[in-house]
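Reminder, nothing fancy here: chain letters follow the sequence lines and each chain counts from 1.
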Amino acid sequence: MNEMIVSELNSYIDESVALCKRRNCELLEDERSDEAVFEKVKANVYDIVRTILNVAVKTGGGEPGTVQQFFVQKLDRIASDWAASYNKAKLHGDAEKVHLEQIKLDTVREIKSQFAAIWEGKA
Amino acid sequence: MTENEAVSLFKCLSDRSRLQILKSLAIEDMYVERLAERLGITASTVSFHLKKLSDADAVSSYKSQYYTMYSLKKELFTTTILEILQEESDETKAQAQRDAEYRQRVIDSFFEYGKLKSIPAQRKKKRIVLEVIVQAFEYDRIYTEREVNMIIADFHDDFCTIRRDMISERLLVRDAGGKAYRRIKQDGKETEKLS
């Protein structure tokens, strides 16, 4: 796989995590602790994605199609667990959990779209 | 408001976004999207905060056409902090319960069939024992020393020590001449039972 693309994907993750951490600090300073937690949740999602990407690159052995396929499959599987968790929370009227799962799913959606753009050279 | 409810309310209020939601609702009833627009946060985040406020009984909701409107529960906010502080604490009740259990344990271990087995050495336990014995005395009645001794003797042979202890513990009072005794009114610890 093109090292440039991997590097770009990693940069995007690094920048996103840094932004989440900055927002987390700002929100904490502004006495908005729950929203600060939401930023941490987003940062965790980016960290998970970074791990998946690293494994995908190692597994793919430099073959871009394999890397992308492995990455998307893994991410979709994790996201489907979060979606199930979201539905379960919604069913039980657990608004807090619903919101947290929603944040994870929104973050995954954003990452997938950004990754697709980078892979296709549109970012 | 119970202590747990107060803790939950204060926790809930210690967040700027939730405070701003409440400030907005103090102006007028609003729906989620309107609050999100005013506060510059997402609608789902507003919903999250409203759920917490609702759990703390700080807001209520009602349907109005297509919208779920939220309103401030003004009656909650008319309660002063001093009123909350003056509420009897759950912990105070638990403490009272623990004290009562301790008293009963002391009574059970020092009394047998209504007789005092021995005079406790520990002052706290002795006080409890004396409080039980003093219940044999009526309020507003003058006793001679002989009467006092006879009443105490029903509990224990060493009536002299117990009588003197009751005086020093301010359970009984003796007149200046030392001949008449009277029971002193206490603060209502009269519920112990002799087994």
Side-chain angles (χ1 to χ4, degrees), chain A residues 15-46 48 78-114, chain B residues 4-26 29-64 66-73 76-77 81:
Chain A
E15 281 165 21
S16 303
V17 169
L19 181 67
C20 290
K21 285 184 177 167
R22 198 166 63 241
R23 288 282 300 141
N24 171 268
C25 291
E26 286 167 1
L27 288 162
L28 280 176
E29 275 175 23
D30 200 27
E31 306 293 349
R32 298 172 198 262
S33 50
D34 283 328
E35 284 160 57
V37 170
F38 301 159
E39 292 299 323
K40 261 189 160 178
V41 170
K42 278 191 208 171
N44 284 342
V45 174
Y46 286 112
I48 290 167
I78 290 171
S80 75
D81 288 344
W82 290 338
S85 193
Y86 170 89
N87 290 330
K88 200 172 167 186
K90 202 162 190 183
L91 197 69
H92 289 87
D94 185 348
E96 289 180 33
K97 181 99 173 147
V98 165
H99 190 59
L100 289 173
E101 298 304 325
Q102 182 66 63
I103 287 169
K104 293 184 203 171
L105 292 168
D106 288 347
T107 310
V108 164
R109 202 170 300 122
E110 182 199 310
I111 292 169
K112 279 177 78 176
S113 144
Q114 188 63 25
Chain B
N4 284 343
E5 285 166 347
V7 169
S8 150
L9 176 67
F10 289 136
K11 263 189 186 174
C12 193
L13 296 182
S14 65
D15 183 285
R16 195 180 302 278
S17 294
R18 285 197 282 275
L19 211 53
Q20 285 184 353
I21 288 174
L22 292 175
K23 281 175 147 186
S24 297
L25 296 179
D29 295 355
M30 290 184 196
Y31 52 94
V32 171
E33 288 74 14
R34 172 99 175 86
L35 282 164
E37 195 181 300
R38 271 179 71 93
L39 305 179
I41 51 180
T42 65
S44 63
T45 302
V46 170
S47 295
F48 171 89
H49 288 310
L50 283 170
K51 173 71 170 63
K52 285 207 161 185
L53 288 166
S54 175
D55 288 347
D57 218 19
V59 300
S60 59
S61 64
Y62 61 94
K63 288 270 179 200
S64 173
Y66 303 110
Y67 298 105
T68 300
M69 301 294 286
Y70 287 86
S71 58
L72 191 67
K73 282 190 130 177
L76 177 79
F77 295 97
I81 291 177

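Here the straight-line distance linking atom OG of B:Ser47 with atom CD of A:Glu96 works out to 12.5 Å at 0.5 Å rounding. Note that OG1 of B:Thr45 and CD1 of A:Ile103 are 6.0 Å apart. Values are rounded to the nearest 0.5 Å.
Of the two parts of B:Ile41, only the side chain, counted from C-beta on, holds a non-hydrogen atom closer than 4.5 Å to a non-hydrogen atom of chain A. For chain A, the nearby parts of B:Ser17 are the backbone and the side chain; heavy atoms of each come within less than 4.5 Å.
Dense packing is recorded around CD of A:Glu26, with more than 12 heavy atoms of other residues, nucleotides or ligands lying under 6.0 Å away.
Distance alone, capped at 3.5 Å, is enough to place a donor-acceptor pair between the B:Arg16 side chain and the A:Asp30 backbone.
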Report the C-alpha separation of B:Arg18 and A:Asp34 in whole Å, then their side-chain angles, then the decisive distance to 0.1 Å, and conclude whether the side-chain contact (heavy atoms from CB on, under 4.5 Å) test is met.
CA-CA 10 Å; B:Arg18 285 197 282 275; A:Asp34 283 328; 2.5 Å; yes
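Contact detail for A:Gly93 and B:Lys51: the closest heavy-atom pair is O-CE, 3.9 Å.
Between B:His49 and the options A:His99, A:Arg32, A:Glu35, a side chain to side chain donor-acceptor pair (under 3.5 Å) holds for only A:Glu35.
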